[in-house]
Amino acid sequence: MAPHDDSTAKLAEETMVAETVSKPISTVVIIIAMQTEALPLVTKFNLVEDPNSVFPKGVPWVRYYGTYKDLNINIIWPGKDPASGVDSVGTVSASLVTYASIQALQPDLIINAGTAGGFKAKGAGIGDVYVASDVAFHDRRIPIPVFDLYGVCAKRAFSTPNLLKELNLKVGKLSTGDSLDMSPIDEKSITANDATVKDMEGAAVAYVTDLLSVPTIFVKAVTDIVDGDKPTAEEFLQNLIAVTAALDQAVTRVVEFVNGKCVAEL
Ligand code: ADE
């Protein structure tokens, strides 16, 4: 009996995957860590804040939702940290909202959009928008065989050859950590990850979407040059508004491209 059961289960799973990739994308979740980055898109897509949160009582996470063309669009912003009042940036909030959004909304596609530091040695400039080909962590150092690989958690991003060709966006590897600055030891890991851009959420979102098999696109716009001569925080704040406009334009173009397609066509 066992071989029959196994092959039946495998066939059922393959059929389910085939059906999922070949049905038009309907529900899209866009995860954005900063309110400044999220609000122009909320306006662009005519979204409204959900008055009856799909998230547990007490969390600061905010969902903006609405329909745009054939898509149910949800922008998820992790909200303001209750203790400090600032945006809940970083990997902890990113993984939590990703998990909760998938549970509540069962999206066909996730887009993680945000700003990033870029490496000029890898060709990045202020205002460039990248789609990540790969994601990994740079601040989870566990120097024990195999645990080291678990820590880095390197993954290929969902492949979107048609989208890349059509939208002409830059492509590079993304490295994620919980600090805006870069310590010398982080720098070594980022170099080992061969990263062009550095953020604070991508690999955490990828960890969850990989576990739950949700196709995910990472769109990252460069606010500061990590290997440049300006202090990172200063350069980031100086460029945030202008670069957010480039980010939001790129996300809009991604959404326009996604509309009416199935994930296999991306
Ligand atoms: N977001 C914008 N700039 C960043 C940087 N230098 N590091 C991490 N996340 C960022």
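Every number for a ligand or one of its atoms is a count from 1 in the order of the listing.
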Which pairs of donor and acceptor atoms, one on a side chain in residues 248-255, lie under 3.5 Å apart (sequence neighbours left out)?
from, atom 1, to, atom 2, distance (Å)
Thr252, OG1, Asp248, O, 2.7
Arg253, NH1, Leu167, O, 3.3
Arg253, NH2, Leu167, O, 3.0

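- At least one N/O-N/O distance between Asp224 and ligand 1 falls below 3.5 Å.
- Under a hydrophobic-cluster definition in which Ile, Leu, Val, Met, Phe, Trp and Tyr are linked whenever side-chain heavy atoms come within less than 4.5 Å, directly or via other members, Phe218 and Leu164 are assigned to different clusters.
- Under the side chain to side chain donor-acceptor pair (under 3.5 Å) test applied with Lys220, the options Thr196, Thr115, Asn112 reduce to a single match, Asn112.
- Checked against a 3.5 angstrom limit, the closest N/O atoms of Lys198 and ligand 1 fall inside it.
- Within the listing of ligand 1, atoms 1 (N), 2 (C), 3 (N), 4 (C), 10 (C) sit less than 4.0 angstrom from a heavy atom of Ala116.
- Each of the atoms 2 (C), 3 (N), 4 (C), 5 (C), 6 (N), 10 (C) of ligand 1 lies under 4.0 Å from some heavy atom of Gly117.
- In terms of N/O distances under 3.5 Å, ligand 1 is not approached by Val226.
- Residues Lys173 and Ser133 have side chains in contact (heavy-atom distance under 4.5 Å, counting atoms from C-beta outward).
- Counting atoms of ligand 1 from 1 in the listed order, those under 4.0 Å from a heavy atom of Thr232 are 6 (N).
- When hydrogens are left out, the protein atom nearest atom 2 (C) of ligand 1 is Thr223 OG1, 3.3 Å; that is the closest non-hydrogen contact.
- For the ring pair (Phe, Tyr, Trp, His ring centres under 6.0 Å) condition, the pairs that include at least one residue of residues 53-74, sequence neighbours left out, are Phe45-Tyr68, Phe55-Trp61.
- Note on Ile111 and Ile102: separate hydrophobic clusters, where clusters join Ile, Leu, Val, Met, Phe, Trp and Tyr whose side-chain heavy atoms are under 4.5 Å apart, directly or indirectly.
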